[in-house]
Peer 1: 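Could you have a look at this structure, given as structure tokens, before my questions?
Here is how names work: the chains are called A, B, and so on, in the same order as the sequence lines, proteins then strands, and each is numbered from 1. Quantities reported herein were computed from a predicted structural model and do not represent experimental measurements.
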Amino acid sequence: MQHQQTNAHFYKEVADMNVHQQMQYKQVGGGDSVDAGIDKTKLIVNYIPQYTAEGELTSIFANVGPLENVRIMRDHRTGYSYGFGFVKYSNPEDAARAIEILNGFKLRNKRLKVSYSRPPGQDMKYSNLYVTNLPKNVTEEDMDNLFGEFGEIIQRTVLKDKITGMPRGVGFVRFSKTEEAQSAISALNGKQLDNALLPLSIRVAEDHGKQKAHFLEHMTYGCPFSNGGKRRFQSPDNIQYDKSQWSLENY
DNA sequence: TATGAGCGG
């Protein structure tokens with residue numbers, strides 16, 4: 001029984017993640033399964049809160065080692081953040097450590113997900129699926145069992161009624177690859193599940209992100225409280241966050 | 001009928 005990691009704080013962070021995140025973490029930590037041709041200095045950061053500036057992300061990631069580049073992806077007109085970005089380190093060892101240390105890092109209302117960026121040109125388009133007519137007692141685990149055989153599930157949610165907390169029979173499943181999502185559609189769309197009133201309906205989810213960015217652009221247009229027609233979201237570099245939660249000296 | 005933000009320059 002030998003553990004490589006001895007840091008209790010880090011274990012707690014991992015324990016707080018959901019099962020899928022832990023699987024992903026092990027995969028990255030294990031290395032072999034995702035190695036083929038990836039740039040070991042380039043990371044993708046997901047679940048970046050709105051109103052996070054590049055400077056703030058830099059101040060977090062630069063604690064691990066020197067950076068080449070930090071970028072948060074935004075709607076180019078409104079500046080509305082898509083909630084993910086890229087961090088490039090000078091050294092691959094630092095990038096690996098950043099995954100270990102900062103994956104799951106709590107930033108305001110989110111937990112950052114830090115992982116290696118995929119090689120360019122790998123196709124993830126149309127890999128997010130919108131599912132309806134799920135059984136009313138469906139759980140996240142049921143979703144994993146139902147969809148897991150068609151590929152690597154990146155993320156899934158069962159939408160719940162805001163008041164009762166009961167599943168609404170609606171959910172999202174995001175696969176790693178286009179063809180995985182496609183095969184799930186072909187196999188499961190129209191399938192009658194036990195406990196469900198109607199046959200499953202599965203479609204590629206629409207890209208509401210762009211729509212929302214566009215909508216918000218019109219919100220600020222001509223609004224007396226907007227900043228003089230400069231239709232950009234403020235991304236202050238001086239947002240405070242609680243550094244006490246993640247002292248790097250422990251690592 | 002639809003979340004939160006999973007792959008750019």
Side-chain angles (χ1 to χ4, degrees), chain A residues 17-18 20-21 23-25 27-28 34 36-52 54 57 67-88 95 99 103-104 107-134 136 138 140 143 147 151-162 165 167-181 189 196-216 233 235:
Chain A
M17 298 175 191
N18 65 41
H20 180 70
Q21 283 176 311
M23 279 165 52
Q24 288 249 318
Y25 168 76
Q27 220 177 47
V28 172
V34 285
I38 68 168
D39 179 348
K40 295 274 196 163
T41 63
K42 203 168 93 177
L43 305 180
I44 181 164
V45 183
N46 286 295
Y47 306 103
I48 301 172
Q50 279 299 327
Y51 310 110
T52 301
E54 268 79 358
L57 213 57
L67 302 173
E68 303 259 300
N69 188 28
V70 173
R71 186 178 168 82
I72 294 171
M73 303 314 296
R74 305 187 141 88
D75 180 87
H76 67 286
R77 293 186 68 186
T78 63
Y80 186 82
S81 166
Y82 293 143
F84 70 96
F86 298 90
V87 172
K88 187 171 169 60
I99 292 174
N103 186 31
L107 182 59
R108 290 188 280 285
N109 56 332
K110 302 283 181 187
R111 277 179 180 278
L112 299 184
K113 179 161 174 212
V114 185
S115 51
Y116 287 115
S117 173
R118 292 174 171 245
Q122 232 182 300
D123 204 0
M124 291 191 64
K125 283 201 295 285
Y126 316 120
S127 63
N128 191 24
L129 301 181
Y130 172 61
V131 186
T132 55
N133 300 333
L134 288 160
K136 293 293 181 192
V138 73
E140 266 86 7
M143 301 283 275
F147 290 91
E152 183 193 351
I153 298 172
I154 299 291
Q155 181 261 2
R156 79 275 186 266
T157 21
V158 173
L159 301 190
K160 307 253 173 46
D161 185 277
K162 281 204 176 74
R168 298 167 47 198
V170 175
F172 290 86
V173 180
R174 168 164 257 131
F175 281 99
S176 154
K177 296 195 181 85
T178 307
E179 57 260 35
E180 293 170 347
N189 187 35
L197 297 168
L198 293 165
L200 262 189
S201 158
I202 308 181
R203 286 176 274 170
V204 173
E206 285 170 33
D207 189 355
H208 279 213
K210 292 250 161 69
Q211 286 179 24
K212 188 166 179 180
H214 196 242
F215 171 74
L216 285 163
F233 282 89
S235 311

Peer 1: Classify A:Lys42 by what it touches in the nucleic acid, base, sugar-phosphate, or nothing, heavy-atom distance under 4.0 Å.
Peer 2: base

Peer 1: Give the ring-plane orientation class for A:Phe84 versus A:Tyr82, where under 30° counts as parallel, over 60° as perpendicular and anything between as tilted.
Peer 2: parallel

Peer 1: Of the nucleotides B:dT3, B:dG8, B:dA5, which has the atom closest to the A:Met73 side chain?
Peer 2: B:dG8

Peer 1: Below the 4.0 Å mark, does B:dA5 have OP1 or OP2 next to a side-chain nitrogen or oxygen of A:Arg174?
Peer 2: no

Peer 1: Without decimals, in angstroms, what is the distance between A:Ile72 CD1 and B:dG8 P?
Peer 2: 16 Å

Peer 1: Verify the distance criterion only: is there a donor paired with an acceptor across the side chains of A:Ser176 and A:Arg118 at less than 3.5 Å?
Peer 2: yes

Peer 1: How close or far is atom P of B:dG4 from atom CG of A:Asp75, stated in whole angstroms?
Peer 2: 19 Å

Peer 1: Which is true for A:Leu159 with a 4.0 Å heavy-atom rule: it touches a base, it touches only sugar-phosphate, or it touches nothing?
Peer 2: sugar-phosphate

Peer 1: How close or far is atom P of B:dT1 from atom CG of A:Asp207, stated in whole angstroms?
Peer 2: 21 Å

Peer 1: Would you please name every residue forming a salt bridge (Lys or Arg N to Asp or Glu O under 4.0 Å) with A:Lys125, sequence neighbours left out?
Peer 2: A:Asp123

Peer 1: Would you classify A:Ser117 as touching base, sugar-phosphate or nothing, given that sugar-phosphate means primed atoms plus P, OP1 and OP2, and contacts are heavy atoms under 4.0 Å?
Peer 2: base

Peer 1: Would you mind reading off the distance between A:Tyr80 atom OH and B:dA5 atom C1', rounded to a whole angstrom?
Peer 2: 8 Å

Peer 1: Could you tell me the separation between the CG atom of A:Asp39 and the P atom of B:dG9, rounded to a whole number of Å?
Peer 2: 17 Å

Peer 1: Hey, which of these two, A:Pro120 or A:Ile48, hits DNA chain B nearer its 5' end, going by closest nucleotide?
Peer 2: A:Ile48

Peer 1: Considering only side-chain heavy atoms of A:Ile44, which listed nucleotide, B:dT3, B:dC7, B:dA2, is closest?
Peer 2: B:dC7

Peer 1: What is the distance, to the nearest angstrom, from the CG atom on A:Leu129 to the P atom on B:dT1?
Peer 2: 20 Å

Peer 1: Return the CD to CZ distance between A:Glu152 and A:Phe175, rounded to the nearest 0.5 Å.
Peer 2: 10.0 Å

Peer 1: Just the rounded figure in Å: distance from P of B:dC7 to CZ of A:Arg74.
Peer 2: 17 Å

Peer 1: Give a yes/no verdict on base stacking between B:dG4 and A:Phe172: centres under 5.5 Å, planes within less than 30° of parallel.
Peer 2: no

Peer 1: Give a yes or no on whether a donor-acceptor pair under 3.5 Å exists between the nucleobase atoms of B:dA5, that is its base, and the side chain of A:Tyr47.
Peer 2: no

Peer 1: Who passes side chain to side chain contact (heavy atoms under 4.5 Å, CB included) against A:Lys136, sequence neighbours left out?
Peer 2: none

Peer 1: Would you indicate what A:Phe86 reaches in the nucleic acid, counting non-hydrogen atoms under 4.0 angstrom: base, sugar-phosphate, or nothing?
Peer 2: base

Peer 1: Does B:dC7 have A:Phe84 stacked on its base, where the ring centres are within less than 5.5 Å and the planes differ by under 30°?
Peer 2: no

Peer 1: Distance check needed: B:dT3 C1' versus A:Asp161 CG, whole Å only.
Peer 2: 15 Å

